[in-house]
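Naming convention: chains lettered A, B, ... in sequence-line order (proteins, then strands); numbering from 1 in each chain.
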Amino acid sequence: MLTLEAVTKRFGGLTAVRAVSLEVRAGDLLGIIGPNGAGKTTLFNVIAGYYRPEEGRVRFEGRDVTGLPPHAIARLGLTRTFQIVKPFGNLSVADNVMIGALTRLPRVAHARAEAERVIDLCGLGPHRYARARALPIALRKRLEVARALATRPRLLLLDEVMAGLNPTELVGIVDLVRRVHAEGVTLIVIEHVMAAMMRLAQRIVMLHHGEKIAEGTPQEIAHDRRVIDAYLGDEFNLAEA
Amino acid sequence: MDPAARLGPAQIDVVAQLAVSTLLLGGIYALIAVGLTLIFGIMRVVNFAHGEFLMLGMYLAFFAFTLRGVDPYLVLIIAIPIFYLVGLFVYVLVMRGVIHASHNVQIFTTVGLSTALQNIALVMWTGDFRIIRPWESSVVLRAAGTAFNLAQVVAFAVAVALTVALMAFMKWTHTGRVMRATAQDRDAATLMGIDTDRVYRLTFAIGIACVGAAGVLVSPLYAAYPQAGLQFVTLAYVVVVLGGLGDMAGAMLGSLIVAAVEVGGSYIFGAAWKEVFYFLLFIGVLVFRPAGLLGQRGAETLGA
Amino acid sequence: MSRLAPDRWAAVAMFAVAALTPLVVRDAFLLDSVILILLWGALSAAWNVAGGYAGQVSLGHAAFFGIGAYAAALMSARYAQSPWLGLAVGVALSVVAGALIGYLSNRLKGPYFALSTIAFAEVLKIVASRWRGFTSGSEGVPVPYRPGFWTLGLGHVAWLYLILVVAVGCYALQVYLERSRVGYQLAGVREDEDAAEALGIATRRRKVQAIVLSAAMTSACGSLWAQYVGFVDPSHVFSIDLSVRFALNSIIGGIGTALGPFLGSLLITSLETYLRATFSGVEASFTGIYLIIYGVVLILIVRFAPDGLTGIAGRFWAWRARAHA
Ligand SMILES: Nc1ncnc2c1ncn2[C@@H]1O[C@H](COP(=O)(O)OP(=O)(O)O)[C@@H](O)[C@H]1O
Ligand SMILES: [Mg+2]
């Protein structure tokens, strides 16, 4: 479904993503982990069209999407959420989600109905008339997912939707991610929180200094020497996870 | 100009004259622009009322000269502290409340300030053009086939001295370093215990003192009237965008470029069209190099 | 949803009062005031399409106003053709200019965008003042008065109904923008462009469309203004003051709302008219006084009530609803 061929992205002298290749099949739930600054978000930005890679190609469902603008890629069925959430702050939750739904459903009435469905799926029902900027962070992360989901993506990139949540909120969002996956959406999930990732992902890719240093099942990753080394010296460790 | 005049040895003189004109004009533009770029660099606010403080400086010089017979260069000595205080006052009254607000709020706050100041001047002093002719305006200096009046040369010298002093202040003093640290990262500065409110207060006051001083310096050269600031400030925007908003050294370079475009453009196409050139230059830079000629691409699209 | 009702009612009431005025009074001064309130309201609504709904805050909309004003004035004064033809030409030119400005300034945000729009308006101002052979330069163009609808030589009552139709049209366009797909997508663009892109919205194209629409509306109103006032000169029709005025009405009334620009215009234009009548003897100082008030009100509004009068009214309404419940 998604193929990355030796993708490289540089910022001036810094190589944020170095020759990363990746293969995602329909129905996958792929996790991407790595310490802060490893290049995870940059990789998402490249896949979703926000950055054009200096080298390499991105193919989505057999089509070369390298260099397409993000909205064109989103219309093809590949969208993403933002690590630093970007709600339409002055609009209601319902309007936020509806703007996502309008991408597939040009009629406002249809989009509104679709938005209602997604809002309920994401557990935002009680907050549908709240202004997005007034929501607490856990709900803003849900809104981020809901809005992306309303565009009916086939591949959805989730960037740290679990970071900064308390254990209860965490359970809720893990549950939501599972439900989204069960609806048939292929997922790539970036997560800093290892424990959640271990339970969620079918396969995990480890990025470090912009390079893919390991790939495998959660079990394999947890025992990979390079992974453990990479996390040493970082502020968290596997034991904590 | 008559094409025949461009031939022969006269041509060398023309080039020399144009070059020196560029330099003199550029020095004054630098002083106007440096305050604007300082305020933007540190406070992240484009001061759309910048030109109005220049206009007030021109009026100060005008009234000091006509009512008390004080030479503009003496006025400069009191103008700098006066405008520093004006800057402090305006900061506390108007700017402090919007320093963390959205771009739109900041834009319209300074636009409102500009409208109010312009029209206070109109009500108090009418729309008449006020020109002063102190002795230095009529002293002509000649060197190597070029000719200038003393007022231009002094304005240039003082403007450059003030600009350089300000740059030295920013680079070498503790306060200057604190100000630059705040410009780099507002939140980090707060965490480090920097009193950002004091930094902004200082920044705004210094920026206004610079442009007020520039107003006094140009008063023997240009007429004062309520909209006098507008012609200079649009030009200062060009300078500042050319140099990269917030970049003081860039502002010096930008001033010279704008002055060169103005001097060269008026020579070739006539004074009437000179503004078109720097506005086209302005649009070109905004479109193709919005972060300035030397700046890194992408800065202009950064949100918040 | 039901909270929207009061401001729709207010708009209906306002337009109804305007429509009934000529039946009750024939006083030229009063009719003139109503016409100006509606015309400035329509112009601010035009600005609001770009500045309010799409978040493209321009300080150079006088560019389009000036294009419209000059097109109509030159068409009737220089070519003795119908100003309606001039209006059409002006709209066409403004569409091109708007597309150009929108396209070139596409990546610019906040103050950078505002600066670039100022620069465009300034370039046009200079061209209009220096191209003497065509525009008569800074002397300006007097518009000949030839009675008739086709030549736009109308009496006050006819003008009032004409401008009322335009104002209602601009209002309706805004209401459409609030409810349509394109309107919601523009709101997304205004709130966060990156997020809008992720939802499949072509943000650049939408922004250009909003600016083009806004430019066309501004230009059409500019043409009518030129015919109504009868005189066009570059330092006024291309001035920053004018651009600020469009924005000011919208901000005071409530930026990004359909009623806001008209409410703002009602307030500011009445204030201006009142002061003009009161201080008519001392022309120069009078202009200054109301502009000082403009400036101060602008500072206060953006600081203390950035959502303007409709925002204040909305909060009051919500508060009352809670108090009654
Ligand atoms: N727009 C940018 N400009 C310059 N450097 C950037 C930019 N975005 C990210 N980087 C740098 O690229 C590296 C990878 O960042 P990022 O992809 O955000 O890491 P992660 O999401 O894994 O924490 C970091 O060193 C970061 O500072
Ligand atoms: Mg990241």
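With respect to chain C, the highest number of heavy-atom pairs below 4.5 Å among Pro106(A), Ala132(A), Ala150(A) belongs to Pro106(A). Of the listed residues (Val182(C), Asp192(C), Ile201(C)), the one with the most heavy-atom contacts under 4.5 Å to chain A is Asp192(C). Ranking Ala74(A), Pro70(A), Ala111(A), Ala72(A) against chain C, the residue ahead of the rest is Pro70(A), based on heavy-atom pairs under 4.5 Å. Options Phe82(A), Phe88(A), Tyr129(A) differ in how many heavy-atom pairs under 4.5 Å they form with chain C, and the most are formed by Phe88(A).
Around OH of Tyr50(A), the count of heavy atoms belonging to other residues, nucleotides or ligands within 6.0 Å exceeds 12. Counting heavy atoms of neighbouring residues, nucleotides and ligands inside a 6.0 Å radius, atom CZ of Arg59(A) exceeds 12 of them. For Tyr176(C), the OH atom is loosely surrounded, since the number of other residues' heavy atoms within 6.0 Å does not exceed 12. Other residues, nucleotides and ligands place more than 12 heavy atoms under 6.0 Å from the CZ atom of Arg179(A).
Thr103(A) contributes a side-chain N or O that, together with a main-chain N or O of Leu199(C), makes up a donor-acceptor pair within less than 3.5 Å.
Nearest approach of Ala198(C) to Arg80(A), heavy atoms of both residues: CB-O, 4.1 Å. Residues Asn90(A) and Glu191(C) come closest through the heavy atom pair N-OE1, 3.0 Å.
Looking at Arg190(C), the atoms closer than 4.5 Å to chain A (heavy atoms on both sides) all sit in the side chain, from C-beta outward. For Ala148(A), the part lying near chain C is the backbone, with the side chain staying farther off; criterion is any non-hydrogen pair under 4.5 Å.
With contacts defined as side-chain heavy-atom distances shorter than 4.5 Å, the pair Thr203(C)/His71(A) does not qualify. Contact check for Leu102(A) versus Arg181(C): side-chain heavy atoms found under the 4.5 Å cut-off.
Taken from CD1 in Ile99(A) to OH in Tyr184(C), the straight-line distance is 8.0 Å, to the nearest 0.5 Å.
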